[in-house]
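First comes the structure, then the notes that go with it.
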Amino acid sequence: MTTELRRLRNYIDGEFRDASDGRTTDVVDPATGEAYATAPLSGAADVDAAMAAAQAAFPVWRDLVPGERQKVLLKIADAIEARAEELIATESRNTGKPLALTRSEEVPPMVDQIRFFAGAARMLEGRSAGEYMEGMTSIIRREPVGVCAQVAPWNYPMMMAVWKFAPALAAGNTVVLKPSDTTPASTVLLAEIIGGVLEELGHPKGVFNVICGDRETGRLMVEHPVPAMASITGSVRAGMQVAESASRDLKRVHLELGGKAPVVVFEDADIAKAVEEISVAGYFNAGQDCTAATRVLVHESVHDEFVTALAKAAADTKTGLPDDEDVLYGPLNNANQLQQVSGFIERLPAHAKVEAGGRRVGEKGFFFEPTVVSGLKQDDEIIQHEVFGPVITVQSFADEKQAVEYANGVEYALASSVWTKDHARAMRMSKALDFGCVWINTHIPLVAEMPHGGFKKSGYGKDLSSYGFEDYTRIKHVMTSLG
């Protein structure tokens with residue numbers, strides 16, 4: 001007996017459509033390792049259609065007064081809230097995430113973030129008018145950039161979709177959004193919800209479009225002549241490819257890429273509190289988070305105590321099926337990711353020690369144990385490269401200078417944290433750490449009002465906040481003669 005697979009479709013100009021050539025890919029449930037749906041494998045004709053729809057809708061959407069765009073976003077937030085359980089179930093099947101945590105940790109922030117950008121829509125302003133040359137008045141117009149080609153990742157498909165479309169729409173742009181080929185289901189459902197709101201309020205159907213596909217689909221989007229901006233959350237390799245493709249016609253590029261967050265624990269920190277919070281921030285979402293607390297640096301005087309406590313916390317952390325309310329995280333997203341995480345453990349140098357975990361869980365689905373690895377050196381592969389799994393590494397340092405050297409000694413620069421009771425030390429570290437975010441005595445909280453984004457190979461541009469909103473605008477100087 002075979003179970004019929006669910007059929008996902010593109011959403012272009014207000015209509016659900018198959019790929020023009022009929023190609024599809026299987027969508028796999030990470031908790032079972034089995035296909036449960038098919039999604040379009042979109043090609044050039046599908047990208048053309050989506051871009052044409054967004055381009056046609058742009059002048060009307062751009063010229064709406066900000067208050068009207070605000071109404072749309074507020075209505076979208078309300079609609080997502082009303083269909084929360086449907087979204088939660090879809091996202092859980094999409095990613096294998098625990099239902100309870102998706103309900104508490106993802107939908108409420110998503111709704112809040114959309115409402116934040118609904119408010120930001122009415123703050124689209126430039127510098128006040130002034131005379132900087134005799135007989136001339138200057139004003140600044142802040143305008144939308146145009147059609148935005150956006151590519152979202154598989155680790156937070158719903159939330160990253162919100163981080164993409166909400167500021168873009170608020171600023172007056174139109175959107176063509178591609179979810180990851182492994183997690184398209186929740187984005188297709190968001191398209192249904194957003195499309196319904198646009199239709200209900202009488203706005204152009206092409207304001208928001210979703211096309212499914214693989215890396216080649218994304219390349220076609222970025223290289224397409226219509227978009228004025230390309231925005232991607234993904235790997236460093238993908239970001240570099242997007243930047244290269246976009247350079248051919250000088251598109252604006254917004255990149256949120258990988259991370260290797262240092263978690264610097266000094267000898268005066270509350271060790272019990274630090275272990276408890278770091279283990280959650282490291283293992284949440286199976287460590288599949290660019291800001292995850294997975295690279296811990298501990299002062300040598302408390303290193304052994306910390307490692308022992310962290311190994312116990314790992315042993316007490318549970319992974320399991322989405323409907324189990326007693327688990328912190330579910331499976332890794334896909335078979336390739338399971339292979340990547342396993343490979344890092346298999347290639348550990350002889351001087352490394354696995355203090356906890358280190359193995360796949362079961363034979364069904366892509367589950368991996370909460371893992372702690374100690375005894376590592378700064379140039380080890382697992383220190384220098386992003387594992388993107390439930391693996392926390394621990395190194396020791398001798399003093400503040402060495403802590404900064406080790407923390408900054410990677411190619412990523414997205415997020416970091418410092419654990420100490422010494423305020424002056426915390427301030428020195430927050431200045432010295434070369435990362436887009438520094439948390440003090442906590443790790444991973446995000447709020448809509450504050451920016452998220454990194455430096456170096458973690459990319460450029462900001463998500464969330466007024467800074468993220470401004471990234472989706474352009475600045476125009478208008479000068480008027482008073483003669």
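Computed from a prediction, not measured in an experiment: that's the story for all the values here. Worth knowing before you read on, the calculation uses all heavy atoms, side chains too, and leaves out hydrogens, waters and symmetry mates.
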Flag, side chain of [X] to backbone of [Y], donor-acceptor distance under 3.5 Å:
{"X": "Asp181", "Y": "Gly213", "value": "no"}
{"X": "Lys431", "Y": "Ala426", "value": "no"}
{"X": "Thr25", "Y": "Leu41", "value": "no"}
{"X": "Asn173", "Y": "Gly146", "value": "yes"}
{"X": "Asn155", "Y": "Gln288", "value": "yes"}
{"X": "Thr442", "Y": "Ile440", "value": "no"}
{"X": "Gln150", "Y": "Val176", "value": "no"}
{"X": "Asp380", "Y": "Ile383", "value": "no"}
{"X": "Ser416", "Y": "Cys437", "value": "yes"}
{"X": "Asn408", "Y": "Leu433", "value": "no"}

Verify the distance criterion only: is there a donor paired with an acceptor across the side chains of [X] and [Y] at less than 3.5 Å?
{"X": "Asp289", "Y": "Tyr156", "result": "yes"}
{"X": "Glu223", "Y": "Ser245", "result": "yes"}
{"X": "Glu355", "Y": "Ser374", "result": "yes"}
{"X": "His299", "Y": "Asp268", "result": "no"}
{"X": "Thr95", "Y": "Asn333", "result": "no"}
{"X": "Asn94", "Y": "Glu91", "result": "yes"}
{"X": "Ser396", "Y": "His303", "result": "no"}

Counting C-beta onward and ignoring hydrogens, is there a side-chain heavy-atom pair between [X] and [Y] closer than 4.5 Å?
{"X": "Asn285", "Y": "Pro390", "answer": "no"}
{"X": "Glu411", "Y": "Val236", "answer": "no"}
{"X": "Val263", "Y": "Trp419", "answer": "yes"}
{"X": "Pro227", "Y": "Met221", "answer": "no"}
{"X": "Trp163", "Y": "Thr233", "answer": "no"}
{"X": "Gln395", "Y": "Gln378", "answer": "yes"}
{"X": "Val253", "Y": "Met229", "answer": "no"}
{"X": "Trp439", "Y": "Pro445", "answer": "yes"}

Nearest heavy atoms of [X] and [Y], plus distance in Å:
{"X": "Ala50", "Y": "Asn209", "value": "O-ND2, 3.9 Å"}
{"X": "Val27", "Y": "Thr38", "value": "CG2-C, 4.2 Å"}
{"X": "Thr291", "Y": "His452", "value": "CG2-CE1, 3.3 Å"}
{"X": "Leu297", "Y": "Pro262", "value": "CD1-CB, 4.2 Å"}
{"X": "Ala407", "Y": "Arg295", "value": "O-NH2, 2.8 Å"}
{"X": "Val210", "Y": "Pro179", "value": "CG1-CD, 4.0 Å"}

Can you tell me if [atom1] on [X] sees more than 12 non-hydrogen neighbours from other groups inside 6.0 Å?
{"X": "His351", "atom1": "NE2", "result": "yes"}
{"X": "Glu276", "atom1": "CD", "result": "no"}
{"X": "Lys456", "atom1": "NZ", "result": "yes"}
{"X": "Tyr467", "atom1": "OH", "result": "no"}
{"X": "Gln384", "atom1": "CD", "result": "yes"}
{"X": "Met240", "atom1": "CE", "result": "no"}
{"X": "Lys273", "atom1": "NZ", "result": "yes"}
{"X": "Arg219", "atom1": "CZ", "result": "yes"}

**Lys260/Glu386 under salt bridge (charged side-chain N to carboxylate O under 4.0 Å, His left out): CA gap, chis, key distance, verdict** = CA-CA 6 Å; Lys260 194 70 182 172; Glu386 189 173 31; over 6 Å; no
Strictly below 4.0 Å, N to O, side chains only: are [X] and [Y] in salt-bridge contact?
{"X": "Asp29", "Y": "Arg93", "result": "yes"}
{"X": "Arg252", "Y": "Asp471", "result": "no"}
{"X": "Lys251", "Y": "Glu244", "result": "no"}
{"X": "Lys97", "Y": "Glu106", "result": "yes"}

**Asked** When rounded to the nearest 0.5 angstrom, what is the spacing between CD in Glu86 and CD1 in Ile80?
**Response** 11.5 Å
**Item:** Steps toward salt bridge (charged side-chain N to carboxylate O under 4.0 Å, His left out) verdict (Glu400, Arg428)
**Value:** CA-CA 9 Å; Glu400 190 174 316; Arg428 290 194 302 271; 2.9 Å; yes
**Prompt:** Could you walk me through whether Phe366 and Gln337 pass the side-chain contact (heavy atoms from CB on, under 4.5 Å) check?
**Reply:** CA-CA 8 Å; Phe366 311 129; Gln337 192 61 24; over 6 Å; no
**Item:** ring pair (Phe, Tyr, Trp, His ring centres under 6.0 Å) partners of His224, counting only residues at least two apart
**Value:**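 By the ring pair (Phe, Tyr, Trp, His ring centres under 6.0 Å) rule, His224 matches no residue at all.
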**By ring pair (Phe, Tyr, Trp, His ring centres under 6.0 Å) - contacts of Phe266 (at least two apart)** = Phe397
**Prompt:** Aromatic ring centroids of Tyr460 and Phe455 under 6.0 Å?
**Reply:** no
**Item:** Verdict with reasoning, Glu85 to Arg103, per salt bridge (charged side-chain N to carboxylate O under 4.0 Å, His left out)
**Value:** CA-CA 8 Å; Glu85 289 304 314; Arg103 181 176 294 109; 2.8 Å; yes
**Prompt:** Quick one: side chain to side chain contact (heavy atoms under 4.5 Å, CB included) partners of Pro370, sequence neighbours excluded?
**Reply:** Tyr283, Ala314, Thr317, Tyr329
**Request:** Report yes or no: is the cationic atom of Arg115 (NZ for Lys, CZ for Arg) under 6.0 Å from the centre of the six-membered ring of Phe117, at an angle within 45° of the ring normal?
**Result:** no
